[in-house]
Amino acid sequence: MSDLILFWHRRDLRISDNTGLATARKQSPKVVGVFCLDPNILERDDIAPARVTYMIGSLQSLQKRYAQAGSQLLILHAEPTQAIPKLAIALKAKAVFWNWDVEPYSQERDRTIIEALKEKGIQFLEKNWDQILHSPDDIRTGSQQPYTVYTPFWKNWSSKPKAKPVETLENAEGLTKAEKEIAEASGVIELPSAKDLGFHWDGELVITPGEAAAQERLEEFCASAVNEYQEQRNFPAVEGTSKLSAALKFGVIGIRTVWQATLEALENSRSDETATNIRTWQQELAWREFYQHAMYNFPQLAEGAFRDPFKNFPWENNEEYFQAWCEGRTGYPIVDAAMRQLNELGWMHNRCRMIVASFLTKDLLINFQWGEKYFMQKLIDGDLSANNGGWQWSASSGMDPKPLRIFNPASQSQKFDFEGEYIRQWVPELRSMDAEYLVTGKISPLERHAVGYPDPIVDHNKQQRLFKERYQQQKSQT
DNA sequence: CCACACTTGAC
DNA sequence: TCAAGTGTG
């Protein structure tokens, strides 16, 4: 009988283009998948029902794909540092393979598991990267330091050749009946629903779970919207973005597959203009990777501000303002539309993520970490590196040597939702108003009250002056 | 140490 | 035009 290799899926919920899984299959025909529902993660207070629902749906389709290949995906619901070694020992596995992750929690957990496996002589893959195109140890400045500015990172990163997608798991031997019983005795359970885990999401998901849906989404995007990406991605009322964020967060699609698709789109592009649009999307993929490398190299990013002036910033942290922001009743139409989209869909257009983040930090003077956490509680694609990177960028507390960037909600509406289409969609009480009023937000108190729409909770001009003052103060003190 | 450059902006 | 001072080569 062949040696068993357990492949531990974490944020790589697919059998195609999976580097660790492909390596496992090359070493043995008997490869069985395992996923551990981790209470350390699921019991945190920053978990979104939409995200768990997407994850469970993707696990369902992953189970089907394993079954089609002739093997199984086993489910555990327990502390992984105990449950993974326990299962491997019980099944007499030769090895447990998995793909490496940049998050501080994952790295600590994995080190503990490696110690336990080593003790039992069970093999593992050291630092096998899968969800990024280059190892964060490989992208360095001339003085061997990690990059802290995007553009030089991009120049270096984009000049390096990228790996092609790796082989799909076409067939594998699974557990025997007797082994299945051993697995069950070692904690393997049926896949629970999101509801079983205490997460309720009743609406439709804005992104369909599973490998097939992600692949389809990629092909559809690369066949059309990517060619006008540079401009169209900015309009929140337009479907101009890839909507691949959740699939990329959970590795429901492989990043090499995505990159390959950009190269093919470039080859097929008929004009320089189209090529520029595709390259703009490539740059967004590089941003994702920049933030993952940053998290790996500077794990303190997860704890708070990166730049000194923001380490002890005198935020107001007004609870009522925060509630108004969360619920989309700040009295600023574009901000409220965006927050309501987030609450209803578990997803927000990227342009609006920047607008509401700027508003929370620069206008309401609330610590970006409050907003960062709220996003994690709602987003289907919520990811530590990407979310933290975005929030620190908006707060001006991150890796951006540029001056303060304060978004004006009215100018943003004017540029990106000039007909008020997005606002009307998400703030129904304003639906009958002329675009001019929606965009400028200059709606009289009388009219606001008539439709039940709140007065602005703060004055943008006043608040941005206040923010700048405090920033200058902090800068001189540090 | 110098020269150059720096996601998405505002006025 | 001012962002505004620092990362990077």
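Heavy atoms only: backbone and side chains are in, while hydrogens, waters and symmetry mates are out. A note on names: the letters A, B, ... follow the listed sequences, proteins ahead of strands, and every chain is numbered from 1.
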Could you check how far [atom1] of [X] sits from [atom2] of [N], rounded to whole Å?
X        : N      : atom1 : atom2 : value
A:Arg465 : B:dC11 : CZ    : C1'   : 13 Å
A:Phe407 : B:dC11 : CZ    : P     : 12 Å
A:Tyr229 : B:dT8  : OH    : C1'   : 10 Å
A:Phe290 : B:dT8  : CZ    : C1'   : 15 Å
A:Lys155 : B:dC4  : NZ    : P     : 13 Å
A:Trp393 : C:dA3  : CH2   : C1'   : 13 Å
A:Gln283 : B:dC6  : CD    : P     : 11 Å
A:Ile406 : B:dC11 : CD1   : P     : 9 Å

Candidate list A:Gln292, A:Arg109, A:Arg10, A:Arg11, test side-chain hydrogen bond (donor to acceptor under 3.5 Å, both in side chains), partner A:Glu103, passing option: A:Arg11
Stems where DNA chain C pairs, listed by first number, each of three or more Watson-Crick or G-U pairs under 3.5 Å: B:2-6 with C:5-9
Gap separating the CD atom of A:Glu231 from the OG1 atom of A:Thr280, nearest 0.5 angstrom: 11.0 Å
Are [X] and [Y] close enough that a side-chain donor and a side-chain acceptor fall under 3.5 Å?
X        : Y        : answer
A:Lys362 : A:His460 : no
A:Asp455 : A:His449 : yes
A:Arg307 : A:Gln392 : no

Residue list, ring pair (Phe, Tyr, Trp, His ring centres under 6.0 Å) with A:Trp393, at least two apart or on another chain: none
A:Tyr105: ring pair (Phe, Tyr, Trp, His ring centres under 6.0 Å) partners, not counting sequence neighbours: none
Sugar-phosphate, base or nothing in reach of A:Tyr291, heavy atoms under 4.0 Å: base
Sugar-phosphate, base or nothing in reach of A:Gln414, heavy atoms under 4.0 Å: nothing
Short side-chain N/O contact to B:dG9 OP1/OP2 from A:Asn408, under 4.0 Å: no
Contact under 4.0 Å: A:Lys415 side-chain N or O vs B:dA10 OP1/OP2: yes
Pair A:Asp130 + A:Arg256: basic N to acidic O under 4.0 Å: yes
salt_bridge(A:Glu469, A:Lys475) N-O dist < 4.0 Å: no
Rounded distance in Å between the P positions of B:dC11 and C:dA4: 13 Å
Where protein sits on nucleotides 4-9 of chain C, one letter per nucleotide: B base, S sugar-phosphate only, - none, heavy atoms under 4.0 Å: BB-SSS
Members of residues 341-353 of chain A that approach DNA chain B, where some heavy atom sits under 4.0 Å away: A:Asn350, A:Arg351
Face-on cation placement of A:Lys195 at A:Trp201 ring, 6.0 Å and 45° thresholds: no
Where at least one partner belongs to residues 209-219 of chain A, residue pairs that pass salt bridge (Lys or Arg N to Asp or Glu O under 4.0 Å), sequence neighbours excluded: A:Arg65-A:Glu211, A:Arg217-A:Glu220
Within 6.0 Å of NZ in A:Lys462, more than 12 heavy atoms from elsewhere: no
